[in-house]
Amino acid sequence: MAFSWYCVLLLCLGAWAANAEMKLDCRPDYMALVWSDSRSQADTSLFRLGSCEPTSSTSREVVFSVGLTDCNFRQLVTGNELTYSNELIYTPSPDSYVLPFTLPVVCSYERPKDWHPVIVDPVFDTYGVENLVFHMGFMNADFSGPAESTSFPLGSMIPIMASVEQRSHQPLLLLLEECVAATTEDLEPGTDFYSIIANKGCLVDSKSTHSRFEPRQKLSELQLSLQAFKFALGQEVYIHCSLVAWDPNGLDESKKACQYVKGHGWELLDDDSYNNLCNCCEHTCKSRKARSLEPGTNGLMTKAVLGPLTITV
């Protein structure tokens with residue numbers, strides 16, 4: 001892999017930082033960053049590279065030696081260039097005279113001819129329910145196989161398929177109860193997100209985009225064509241979903257797959273004679289107590305995280 005070398009960057013951050021410098025050494029699978037200032041009053045232990053603390057520090061120097069898959073580095077592929085970006089952040093204590101600052105950190109590489117993003121195909125076991133196994137992954141345009149790339153141009157369609165292996169279980173219908181896009185692999189309070197499916201199975205994104213559920217091929221599969229959105233453009237994005245395997249004869253307001261069709265309104269994917277189940281998509285779809293599918297079970301649900309993907313201009 002060809003890679004770029006970033007040597008010395010002088011920082012013009014005021015008189016106190018006139019002697020500061022940052023050295024950045026980009027290697028094929030890791031980077032080393034050294035920030036130093038012989039006169040600074042900054043507390044070097046308070047530096048962060050993305051989500052990472054310093055590898056080592058002295059009173060005048062801070063060192064980071066980290067992998068490119070660590071510290072929340074953002075990966076972007078544009079043409080023949082593969083770029084990893086992050087920020088060096090200094091957050092001083094409240095009584096400090098040193099001002100906070102953020103500096104960009106970028107490593108750029110020539111994209112290898114045989115390079116392609118890792119296709120993440122998460123597998124989730126639903127414990128205690130006859131070993132049901134859920135799958136979710138990015139697909140190619142006709143859903144015939146895994147996607148070759150997880151980089152999608154803005155406005156293009158992102159094919160996603162979810163499925164459940166039923167084995168000896170009675171036939172079950174696969175549903176997506178909720179899906180959101182976020183820039184983190186873990187959802188925490190305060191995390192910014194983009195809502196895709198909400199309100200117990202309503203594809204809310206279809207109201208303003210061309211996102212849609214594809215016609216079902218199997219009860220145990222659900223295909224979603226998601227239009228690439230502006231949220232977190234150019235950043236790594238993860239799609240968080242709640243998957244539900246349910247009795248196909250037990251659809252109601254809380255267990256359904258609804259999408260908005262221009263000129264027609266909300267429609268149920270599986271049986272348009274029951275489109276009234278989607279009326280609540282404009283309001284609040286009420287949950288009901290989970291109905292057992294067999295003795296000892298209270299519904300078959302799991303969480304999935306798909307990604308990262310990148311949406312490019």
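Remember, it's a predicted structure, so these values are computed and weren't measured experimentally.
- Of the inter-residue distances, the one linking Asp29 atom CG with Cys107 atom SG reads 11.0 Å to the nearest 0.5 angstrom.
- Remark: Tyr194 engages Asp205 in a side chain to side chain donor-acceptor pair (under 3.5 Å) (not counting sequence neighbours).
- For the cysteines Cys281 and Cys202, the sulfur (SG) atoms lie within a distance shorter than 2.5 angstrom of each other.
- Counting heavy atoms from C-beta outward, Thr184 and Tyr238 have side chains that stay 4.5 Å or more apart.
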Exercise for review: Determine, stepwise, if the pair Leu175 / Lys256 fulfils side-chain contact (heavy atoms from CB on, under 4.5 Å).
Suggested key: CA-CA 7 Å; Leu175 300 168; Lys256 63 191 184 304; 5.8 Å; no

What side-chain donor-acceptor pairs closer than 3.5 Å can you find for residues 265-272, not counting sequence neighbours?
{"from": "Trp266", "atom 1": "NE1", "to": "Glu282", "atom 2": "OE2", "distance (Å)": "2.8"}
{"from": "Asp270", "atom 1": "OD1", "to": "Arg216", "atom 2": "NE", "distance (Å)": "2.4"}
{"from": "Asp270", "atom 1": "OD2", "to": "Arg216", "atom 2": "NH2", "distance (Å)": "3.3"}
{"from": "Asp271", "atom 1": "OD1", "to": "Ser273", "atom 2": "N", "distance (Å)": "3.1"}
{"from": "Asp271", "atom 1": "OD1", "to": "Ser273", "atom 2": "OG", "distance (Å)": "2.5"}
{"from": "Asp271", "atom 1": "OD2", "to": "Ser273", "atom 2": "OG", "distance (Å)": "3.3"}

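- Residues Ser211 and Thr209 have side chains that bring a donor and an acceptor to within less than 3.5 angstrom of each other.
- Contact of the Leu251 side chain with the Leu277 side chain is registered, since non-hydrogen atoms from C-beta on lie closer than 4.5 Å.
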**Study point:** Candidate pair Val164 and Leu243, rule side-chain contact (heavy atoms from CB on, under 4.5 Å), full reasoning
**Key:** CA-CA 9 Å; Val164 58; Leu243 286 72; over 6 Å; no

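- No path of Ile, Leu, Val, Met, Phe, Trp and Tyr side chains, each step under 4.5 Å between heavy atoms, connects Leu203 with Val261, placing them in separate hydrophobic clusters.
- Residues Thr91 and Leu46 fail the side-chain proximity criterion, which asks for heavy atoms closer than 4.5 Å.
- Scanning both residues, Lys255 and Glu177, for their nearest heavy atoms gives NZ-OE2, 3.8 Å.
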Check your understanding: Hey, mind stepping through Thr312 and Thr310 against side-chain contact (heavy atoms from CB on, under 4.5 Å) and telling me if it holds?
Key -> CA-CA 6 Å; Thr312 61; Thr310 305; 4.1 Å; yes

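- Few gaps surround NZ on Lys262; more than 12 heavy atoms of other groups in view lie less than 6.0 Å from it.
- Proximity of Phe73 to Ser85: side-chain heavy atoms (C-beta onward) are nowhere separated by under 4.5 Å.
- Here the CE atom belonging to Met22 is positioned 6.0 Å from the CG atom belonging to Leu88, to the nearest 0.5 angstrom.
- Considering NZ of Lys303 and CE of Met301, their distance stands at 9.5 Å, rounded to 0.5 Å.
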Exercise for review: Begin with the C-alpha distance, continue with both residues' side-chain angles, and end with the deciding distance and a verdict on side-chain contact (heavy atoms from CB on, under 4.5 Å) for Leu172 and Trp246.
Suggested key: CA-CA 5 Å; Leu172 297 174; Trp246 204 249; over 6 Å; no

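- A heavy-atom distance below 4.5 Å is not found between the side chains of Arg212 and Leu224.
- Heavy atoms only, all atoms of each residue included: Gln223 and Gln217 are closest at NE2-CG, 4.0 Å.
- Annotation: side chain to side chain donor-acceptor pair (under 3.5 Å) contacts of Asp142 (sequence neighbours excluded): Ser144.
- By the 30° and 60° cut-offs, the orientation of the rings of Phe152 relative to Phe138 is tilted.
- Residues Asp247 and Leu173 have side chains not in contact (no heavy-atom distance under 4.5 Å, counting atoms from C-beta outward).
- By the 4.5 Å heavy-atom criterion applied to side chains, Phe143 and Ser225 are counted as neighbours.
- Taking SG from Cys179 and CD1 from Ile197, the interatomic distance works out to 4.0 Å, rounded to the nearest 0.5 Å.
- The side chain to side chain donor-acceptor pair (under 3.5 Å) search around Glu87 returns Arg74, not counting sequence neighbours.
- Under the side chain to side chain donor-acceptor pair (under 3.5 Å) criterion, Arg48 pairs with no residue at all, not counting sequence neighbours.
- Phe193 has its side chain out of reach of Thr183: every pair of non-hydrogen atoms, C-beta onward, lies at least 4.5 Å apart.
- Atom SG in Cys26 sits 11.0 Å away from atom OH in Tyr84 (nearest 0.5 Å).
- Evaluation of the side-chain hydrogen bond (donor to acceptor under 3.5 Å, both in side chains) test over residues 55-65, restricted to residues two or more places apart or in two chains, returns none.
- Using bins of under 30°, 30° to 60° and over 60° for the plane-to-plane angle, the ring pair Tyr90/Phe47 lands in the tilted bin.
- Hydrophobic clustering, with ILVMFWY side chains joined whenever heavy atoms are under 4.5 angstrom apart, groups Phe229 together with Leu176.
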